[in-house]
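Report on the structure given below.
Because only heavy atoms are used, hydrogens play no part in the values below, and waters and symmetry mates are left out as well, while side chains stay in.
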Amino acid sequence: MPAYHSSLNEFEDVRQVGNMSILPIKTKIRGPAPVAEPQQADIIDETLDLFRANSLFRNFEIKGPADRVLIVLILFVSDCLAKIGTARTIPTQVEASKVLNTLSVDNFPIPGDANFALNSHYAAPANRADAEYLRTYLTQVRQELAARLVERLYADGTGRPSKWWMAFQKRRFMNRSLGS
């Protein structure tokens with residue numbers, strides 16, 4: 001059974017940095033990402049919808065530049081769940097939001113950096129300006145993803161993270177981690 005791929009691979013008119021798409025997102029966080037239509041699903045919605053199914057796969061065939069963004073975001077969600085799961089006490093929604101927001105803006109490697117986990121599958125940005133643009137785009141996307149993930153984790157109103165999401169905290173998509 002094959003893994004689930006991004007439906008945004010078909011978008012032809014999106015900017016690419018390296019071989020990653022700069023996809024539009026629905027966000028109020030400032031950054032370089034194009035703004036998506038409010039009623040359409042964006043890459044963050046896809047990541048959250050496909051995370052649990054895709055995290056069960058060890059192999060993932062990359063079918064387009066949007067899949068590369070999806071991989072990075074799935075690995076980030078995995079790191080977020082691990083961060084919440086390793087807390088000494090079960091964090092409240094506000095605490096989890098703070099922890100994940102801090103994680104999303106921490107310094108992280110991008111394709112082309114020596115310590116990026118998937119350098120063999122990603123092209124490095126062409127120049128320093130593109131590398132900085134990609135870093136700010138990924139920071140913005142990670143912040144929005146962290147905010148939406150907290151909403152999903154605490155959607156039941158109990159003040160505790162969903163056990164159906166936290167069950168995936170030790171699962172590693174493609175047996176990899178971003179190392180955050």
Side-chain angles (χ1 to χ4, degrees), residues 3-51 54-55 60-83 96-153 173-174 176-180:
Y4 297 97
H5 296 277
S6 176
S7 64
L8 303 173
N9 279 327
E10 287 88 40
F11 283 8
E12 299 290 328
D13 57 342
V14 295
R15 179 177 177 187
Q16 288 190 21
V17 175
N19 53 4
M20 289 179 69
S21 290
I22 304 299
L23 298 164
I25 60 171
K26 300 178 287 196
T27 185
K28 291 185 178 24
I29 298 169
R30 284 189 332 180
V35 178
E37 296 293 324
Q39 66 276 12
Q40 290 184 336
D42 62 0
I43 189 68
I44 296 171
D45 293 330
E46 271 195 354
T47 301
L48 292 172
D49 291 342
L50 299 177
F51 168 74
N54 276 349
S55 65
F60 188 85
E61 179 186 354
I62 298 172
K63 294 197 175 186
D67 278 346
R68 288 182 172 84
V69 178
L70 183 68
I71 290 169
V72 169
L73 295 181
I74 286 174
L75 291 174
F76 177 67
V77 170
S78 184
D79 287 348
C80 288
L81 292 177
K83 187 82 165 176
S97 184
K98 286 179 185 176
V99 167
L100 295 188
N101 194 37
T102 302
L103 179 64
S104 65
V105 296
D106 278 348
N107 196 14
F108 58 93
I110 60 170
D113 289 351
N115 53 349
F116 184 68
L118 299 164
N119 262 336
S120 61
H121 303 289
Y122 288 76
N127 53 45
R128 189 179 218 81
D130 279 353
E132 193 55 40
Y133 182 82
L134 180 62
R135 185 176 303 282
T136 56
Y137 171 75
L138 288 176
T139 300
Q140 180 186 9
V141 171
R142 285 164 56 121
Q143 285 178 300
E144 181 64 27
L145 178 58
R148 290 195 212 170
L149 177 62
V150 168
E151 288 174 13
R152 288 217 186 172
L153 281 175
F173 176 57
M174 296 171 47
R176 300 289 176 109
S177 172
L178 291 177
S180 297

>> As a quick check of understanding, evaluate salt bridge (charged side-chain N to carboxylate O under 4.0 Å, His left out) for Asp79 and Arg142, giving each step before the final call.
In response: CA-CA 11 Å; Asp79 287 348; Arg142 285 164 56 121; over 6 Å; no
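Relative to the six-membered ring of Tyr137, Arg15 misses at least one condition, a distance below 6.0 Å or an angle of at most 45° to the axis.
Here the side chain of Lys26 pairs no donor or acceptor atom with the backbone of Ile44 at under 3.5 angstrom. With hydrogens and angles ignored, the 3.5 Å screen pairs a side-chain donor or acceptor of Arg68 with a backbone N or O of His121. Remark: side-chain polar atoms of Asn19 are paired, donor with acceptor, to backbone N or O of Ala123 under 3.5 angstrom. Ser21 places no side-chain N or O within 3.5 Å of a backbone atom of Leu23 that could act as its donor or acceptor partner.
For the residue pair Pro32 and Gln140, the shortest heavy atom distance occurs at N-OE1, 3.2 Å. The minimum heavy-atom distance between Ile25 and Ala33, with the atom names listed, is CG1-CB, 3.8 Å. For the pair Ile43 and Ala66, the tightest heavy-atom approach, listed with the atom from each and the gap, is CD1-O, 4.1 Å. The minimum heavy-atom distance linking Pro109 with Phe116 is given by the pair O-CD1, 3.5 Å. The heavy-atom pair separating Leu73 from Leu145 by the smallest distance is O-CD2, 3.7 Å. Listed here is the closest heavy atom pair of Ser104 and Asn101: OG-O, 2.7 Å.
The side-chain heavy atoms of Cys80 and Leu103, taken from C-beta on, include a pair separated by under 4.5 Å. Looking at Asp67 and Leu70, their side chains come closer than 4.5 Å, going by heavy atoms from C-beta outward. Put simply, the side chain of Leu153 reaches to within 4.5 Å of the side chain of Leu81, judged on heavy atoms. Here the side chains of Pro65 and Asn9 are in contact, with some heavy-atom distance below 4.5 Å. Side-chain atoms of Leu134 and Ile22, non-hydrogen and from C-beta on, do get closer than 4.5 Å to each other. The shortest distance between side-chain heavy atoms of Val72 and Tyr122 falls below 4.5 Å. Taking the side chain as every heavy atom from C-beta outward, Arg152 and Val77 never approach each other to under 4.5 Å. Residues Thr139 and Phe108 meet the side-chain proximity criterion, which asks for heavy atoms closer than 4.5 Å.
Rounding to the nearest 0.5 Å gives a distance of 11.5 Å between CG of Asp130 and CD of Gln16. To the nearest 0.5 Å, atoms NZ (Lys28) and CD (Gln143) are separated by 14.5 Å.
The aromatic rings of His5 and Phe60 lie tilted to each other, with the angle between the two planes from 30° to 60°.
Taking the charged nitrogens against the carboxylate oxygens, Arg148 and Asp42 do have a contact shorter than 4.0 Å, which makes a salt bridge.
Heavy-atom contacts from other residues, nucleotides or ligands closer than 6.0 Å to NZ of Lys83 number 12 or fewer.
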